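Only heavy atoms go into these numbers, but all of them, side chains included; no hydrogens, no water, no symmetry mates. Everything numeric in this text was worked out from a predicted model, so none of it was measured. Throughout, protein chains are lettered first and strands after them, A, B, ... in sequence-line order, and every chain is numbered starting at 1.
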Number of protein chains: 2
Amino acid sequence: MTTNTYSIQQISEMTGLSAHTLRYYEKIGLLTEISRDLSGYRQYSDKDLSWIQFLIRLQETGMKISGRVRFAELRSQGESTISSRRELLESHRDEVHAQISKLLQNLKAIEDKIEIYKTMELDRNP
Amino acid sequence: MTTNTYSIQQISEMTGLSAHTLRYYEKIGLLTEISRDLSGYRQYSDKDLSWIQFLIRLQETGMKISGRVRFAELRSQGESTISSRRELLESHRDEVHAQISKLLQNLKAIEDKIEIYKTMELDRNP
DNA sequence: GCTTGCTTTAGAGCGCGCTCTAAACCTTAA
DNA sequence: TTAAGGTTTAGAGCGCGCTCTAAAGCAAGC
């Protein structure tokens, strides 16, 4: 079994989050029980890494910090919260679907406007 | 020809933007040449309305205020900027495409996690 | 003429999500 | 043993995009 550990800087490079942000996430409860080495430096595990990467997906799909904190709290309470976590994710999934269809509608309107501009350009340069 | 005019409150109700926000948008240059009645009250036209609605689409697709201001500046310079406006929108359209595919990727990861939770629920309640 | 409710302005305030600072401590190489 | 560069903490600061306040003016109904 591989038990890799990573420094805060390595995690920063792998995730694109700054070291400042990683400490901030820990402070507000998005990351819990990050272990420390003998001199008090944070040691991130592969499990920590994939959790951070999942947090980033939640963020990128528009889940606010408060929602992510709620999810992290459930996770830190162990297996008994699996159903609540599933429900939370299902509800978020529905929001992402809505988001995507809104985006597609707006995309259509933008594309329509591009076509209008093209027509206007032809009319001005016949 | 119908030349409807609308009060700031009516526009607020039609667009979902607050009156405060509408004045703010004017101050920063997103809205230009909004006409006034005899007592100095703003009178929005149908053209103003549809411009505001398009601005909202740009915002909802992630274009920042600075980008929208740039677009509004081109628009206020008249027909000679049609090509620049088309290019700006084409570049934004590409960003929206990228945004949507990122969202679809993240959606997939969320759905996978939901499935994992379902399996865990079955394992705990066999 | 008074009240109610709309509108105006300039400018202050705010919530979110970081981002940075300062001062101290640790590690490694020269 | 010293210098360079990584890490720690508490807490301050910041940029974005609004959001609200205060004081005044205007409109319409009683």
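- Checking A:T21 against A:S18 by side-chain atom types alone, a donor-acceptor pair falls below 3.5 Å.
- The CG atom of B:L22 sits 17 Å away from the P atom of D:dG17 (whole-angstrom rounding).
- Mapped onto DNA chain D by nearest heavy atom, B:K27 and A:G40 fall at different nucleotides, with A:G40 at the one closer to the 5' end.
- The side chain of B:S39 contributes an N or O atom lying less than 4.0 Å from OP1 or OP2 of D:dA27.
- The main-chain N or O of A:M63 is found under 3.5 Å from a side-chain atom of A:R68 such that the two form a donor-acceptor pair.
- Across the interface with DNA chain C, nearest-nucleotide mapping of A:Y25 and A:D37 shows A:Y25 to be the residue nearer the 5′ end.
- Within 4.0 Å (heavy atoms only), B:Q59 reaches sugar-phosphate atoms of the nucleic acid but no base atom.
- A:Y44 and A:N4 are not linked by any side-chain donor-acceptor pair at a separation below 3.5 angstrom, with hydrogens and angles left out of the test.
- Comparing A:L38 and A:H20 along DNA chain C, the residue whose closest nucleotide (by nearest heavy atom) sits nearer the 5' end is A:H20.
- Under 3.5 Å, the side chain of B:Y41 and the base of D:dG25 form at least one donor-acceptor pair of N or O atoms.
- There is a path of hydrophobic side-chain contacts, each under 4.5 Å, that joins B:V69 to B:L22.
- Counting non-hydrogen atoms under 4.0 angstrom, A:R42 reaches the backbone sugars and phosphates but no base.
- Across all strands shown, A:S18 has no heavy atoms under 4.0 Å from either base or sugar-phosphate atoms.
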